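Structure record follows, encoded as structure tokens.
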Amino acid sequence: MNTYSKIYDVIVVGAGHAGCEAALAAARLGCKTLALTINADHIGEMSCNPAVGGLAKGHLVREIDVLGGEMARNIDATGIQFRRLNTKKGPAVQSSRAQADKEQYRLRMKQVLENQEDLDIKQGVVDELIVEDGTVKGIVTSIGEHYPGQAVILTTGTFLQGLIHIGLKNFSAGRMGDPASIKLSENLKKLGFRMGRLKTGTTPRLDGRTINFSKLTPQYGDEPPVPFSFDTESISQKQAPCYITYTNERTHEIIRSGLDRSPLFTGVIEGVGARYCPSIEDKVVRFHEKPRHQIFLEPMGLGTTEIYPNGVPTSLPVDIQFKMLRSIEGLEKVEIVRPGYAIEYDYADPTQLSPALETKLIRGLFFAGQINGTSGYEEAAAQGLMAGINAVRYITEAPPIVLDRTQAYIGVLIDDLVTKGAMEPYRMFTSRAEYRLLLREDNADLRLRETGYSLGLVSDRVYRRYQHKKETIEQLLKLLSNIRLTPTQAINEKLCGLGFHPLNQPTFLGDLLKRPGITLKDLEIFEPRVAEVGSAVAEQVEIQIKYDGYIKRQEKQVERFKKLEHTVIPEDFDYSKVPGLSNEVKEKLVAIRPASIGQASRISGITPAAVSIIQIFLKKAG
């Protein structure tokens with residue numbers, strides 16, 4: 001065995017979205033870090049949809065940004081269409097999404113990693129972990145290279161025993177064009193990890209020169225584009241439209257004609273697929289009453305003619321894919337550049353992890369991304385960032401950083417995984433967050449920038465800018481709460497001129513903002529200093545005042561949540577000594593080892609009665 005002379009602090013296996021964030025976080029925190037990937041040309045590769053963000057996913061990207069991650073900056077530099085979603089709904093569920101220039105996104109992320117101090121990049125396939133006395137000590141590659149390391153982060157994506165399906169043909173691969181990782185999955189099983197099998201899919205890629213866009217409805221981005229990163233001033237690169245089309249009854253007939261050769265419907269695929277992102281053949285069968293399904297034709301970059309038809313992921317045979325696509329309006333003469341396919345892969349039950357994403361079986365070993373049963377670039381990147389941070393904390397013997405459900409969508413994501421597990425690919429939704437009015441996209445910096453700065457991942461320049469914004473918000477809120485308007489003729493004429501009802505009694509300027517339809521800009525005629533603040537400050541002040549009652553209600557709920565979270569359950573707590581607990585409850589508690597009463601209450605199958613019994617027992621035991 002060839003032992004590498006350099007001993008790394010952190011070794012990151014994989015360089016997808018989780019691996020990139022993990023490696024950058026560890027290196028930026030001063031640790032000698034190795035990013036080891038099967039193909040160094042595919043660092044930061046967008047294997048599926050060339051886009052970042054979306055409903056709830058945009059929240060994750062913003063949180064990654066304020067904690068010092070790279071994803072938001074990368075999409076801001078390479079995005080070719082930016083859109084705010086759910087703008088007609090409340091601020092809690094509004095999210096950002098951006099189309100990426102796929103090639104530029106990958107190249108920029110690769111360049112960021114290559115230029116990062118304390119970070120080495122190497123190409124290789126990891127076959128096994130080196131474990132001594134229950135602690136990870138490094139990794140071994142397929143060609144016998146031995147890399148020593150104090151902590152290892154596995155971000156293996158779809159590569160563990162990856163198997164691609166196109167019709168009834170299948171072959172081993174981590175994604176199209178890259179080999180699978182075969183031996184590492186077996187090694188994890190030998191080490192005692194519970195492994196499962198999941199499935200995801202992607203769409204065919206189309207030749208844009210063969211699409212009749214004149215028959216389709218264009219969809220343009222926002223103007224001006226709103227960046228993801230709080231540190232991006234503006235988006236300067238050229239923007240591009242998407243186009244909308246639909247499947248039809250003829251499309252559905254063609255799809256049904258190929259089901260006898262579908263790996264999904266003939267039992268060839270064994271892995272569990274994503275409930276919220278089904279293949280087109282699955283949609284046609286499950287929602288047979290629907291006459292059509294929407295398709296977004298998304299450009300894959302400014303320098304390519306390839307188009308991603310979002311809405312038709314499929315593993316049908318290529319001839320069926322071809323006929324299916326040509327039955328759709330605008331695609332009558334379309335050519336396929338790359339066929340769609342399904343991929344099965346191994347993952348590890350995430351309840352085997354602590355909230356720090358460290359495995360319970362092996363010290364110093366962390367999992368992040370699809371190995372934990374998640375789907376999506378954003379979920380992976382969020383986990384990678386936290387795993388990178390906590391690997392460094394492990395090495396330096398500092399307590400881990402664990403964000404709870406009241407602090408961040410990242411906290412919701414990780415808590416869901418380590419507490420409830422993942423029986424199918426996990427996707428983030430705003431509905432998963434109990435306190436989503438507090439966890440908005442717009443206030444991610446106010447929630448988490450202090451944490452990023454205290455860790456050392458946020459620069460002094462960025463932090464000073466954040467402090468100025470925070471102080472300006474506080475000053476404006478104070479100003480609006482102190483200025484009192486009286487119902488004089490002059491005041492009421494101004495209000496009527498704006499189209500609003502006159503005052504009947506003295507009212508503070510801030511209370512006036514609570515009226516439906518009144519914006520901060522409207523208040524400039526009463527107080528000129530209001531016009532001096534920027535749009536980001538104005539947005540925060542408006543939301544905090546208009547939703548004040550709802551926010552206070554959620555803050556009270558958070559107080560109750562915190563009480564349960566602060567009731568810590570010792571790691572070595574012996575549940576067998578607690579009278580009144582069923583064997584099933586004891587088994588689940590022993591398997592997951594909840595860190596607090598709060599976490600115990602969220603485990604599937606743990607009843608409120610069982611939680612009360614544990615609370616009483618802990619109180620008696622002191």
Side-chain angles (χ1 to χ4, degrees), residues 1-2 4 8 10-24 26-27 33-48 102-103 105-107 109-114 116 119-130 136 138-147 149 152-165 170-189 195 197-200 202 271 338 341-348 365-372 374-375 377 380-381 383-384 387-388:
M1 187 182 292
N2 176 28
Y4 194 60
Y8 288 99
V10 178
I11 297 173
V12 180
V13 179
H17 305 280
C20 287
E21 295 292 354
L24 287 171
T33 304
L34 170 63
L36 192 60
T37 177
I38 281 178
N39 189 337
D41 289 330
H42 291 170
I43 290 170
E45 180 74 16
M46 294 179 135
S47 303
C48 195
K102 178 178 179 287
E103 189 70 1
Y105 187 95
R106 176 186 69 80
L107 289 172
M109 187 64 86
K110 183 172 187 279
Q111 189 177 51
V112 170
L113 265 70
E114 288 174 338
Q116 177 60 51
L119 177 57
D120 293 346
I121 299 169
K122 295 188 183 294
Q123 182 168 296
V125 178
V126 175
D127 276 0
E128 63 179 277
L129 303 171
I130 300 166
V136 74
I139 56 93
V140 179
T141 71
S142 59
I143 58 174
E145 298 167 297
H146 170 191
Y147 291 99
V152 173
I153 305 172
L154 296 187
T155 66
T156 51
T158 59
F159 282 69
L160 289 181
Q161 299 273 15
L163 187 67
I164 282 179
H165 297 268
N170 56 64
F171 52 91
S172 175
R175 63 173 157 238
M176 190 67 82
D178 284 329
S181 173
I182 304 300
K183 293 187 177 179
L184 181 56
S185 186
E186 292 303 318
N187 180 238
L188 290 172
K189 290 174 186 175
M195 308 294 288
R197 195 86 168 145
L198 294 178
K199 166 255 175 187
T200 189
T202 190
R338 313 169 201 233
Y341 63 86
I343 183 166
E344 288 185 278
Y345 56 95
D346 287 352
Y347 80 107
L365 177 62
F366 297 77
F367 292 169
Q370 283 177 286
I371 190 173
N372 290 337
T374 58
S375 67
Y377 307 147
Q383 294 171 72

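Below, all heavy atoms of this structure are taken into account, side chains as well, without hydrogens, waters or symmetry copies. Just so it is clear, the structure is predicted and the values come from calculations on it, not from any experiment.
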Q.
Set out, in order, the CA-CA distance, both residues' side-chain angles and the distance that settles side-chain contact (heavy atoms from CB on, under 4.5 Å) for C20 and L113, then state yes or no.
A. CA-CA 7 Å; C20 287; L113 265 70; 4.1 Å; yes
Q: Give the C-alpha distance, both sets of side-chain angles, the deciding distance and a yes or no for side-chain contact (heavy atoms from CB on, under 4.5 Å) between T200 and Y345.
A: CA-CA 9 Å; T200 189; Y345 56 95; 4.0 Å; yes
Q: May I have the step-by-step check of side-chain contact (heavy atoms from CB on, under 4.5 Å) for M195 and L160, ending in yes or no?
A: CA-CA 10 Å; M195 308 294 288; L160 289 181; 4.1 Å; yes
**Q.** T33 and Y8: CA distance, side-chain angles, deciding distance, side-chain contact (heavy atoms from CB on, under 4.5 Å) verdict
**A.** CA-CA 6 Å; T33 304; Y8 288 99; 5.7 Å; no
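Considering all non-hydrogen atoms of both residues, F171 and M176 come closest at CZ-SD, 3.9 Å. Minimum heavy-atom separation, G124 to L36: N-CD1, 4.0 Å. Taking all atoms of both residues into account, the shortest heavy-atom contact from Y347 to R197 is CE2-N, 3.6 Å. Heavy atoms only, all atoms of each residue included: H17 and Y105 are closest at CE1-CE2, 3.9 Å. Counting all heavy atoms, side chain and backbone alike, L365 lies closest to V136 at N-CG1, 3.9 Å. The minimum heavy-atom distance between A23 and L119, with the atom names listed, is CB-CD1, 3.9 Å.
One finds the CD atom of E186 at 7.5 Å from the CG atom of D346 (value rounded to the nearest 0.5 Å). From F159, atom CZ reaches atom CD1 of I182 across 11.0 Å, with rounding to the nearest 0.5 Å. Going from atom CG of N39 over to atom CZ of R175 covers 7.5 Å, rounded to the nearest 0.5 Å. Going from atom CD1 of I153 over to atom CD of Q383 covers 11.5 Å, rounded to the nearest 0.5 Å. Rounded to the nearest 0.5 angstrom, D41 CG and L107 CG are separated by 9.5 Å. Here the OH-OG1 distance, from Y341 to T202, works out to 6.0 Å after rounding to the nearest 0.5 Å.
Looking only at distances, a side-chain donor or acceptor of N372 sits under 3.5 Å from a matching main-chain atom of F367. Between the side chain of Y377 and the backbone N or O of G16 there is no donor-acceptor pair closer than 3.5 Å.
Of the residues listed (I38, L184, T37, V152), the one engaging V126 in a side-chain contact (heavy atoms from CB on, under 4.5 Å) is L184, and it is the only one. When each of K199, H165, Q161 is tested with E344 by the rule side-chain hydrogen bond (donor to acceptor under 3.5 Å, both in side chains), just one qualifies, namely H165. Just one of V140, I11, L188 meets the side-chain contact (heavy atoms from CB on, under 4.5 Å) condition when paired with L129; it is L188.
Every residue meeting the salt bridge (charged side-chain N to carboxylate O under 4.0 Å, His left out) condition with K102, not counting sequence neighbours, appears here in chain and number order: E45.
Using a 4.5 Å heavy-atom cutoff, the side chains of T141 and Y147 are in contact. Looking at T155 and I371, their side chains never come closer than 4.5 Å, going by heavy atoms from C-beta outward.
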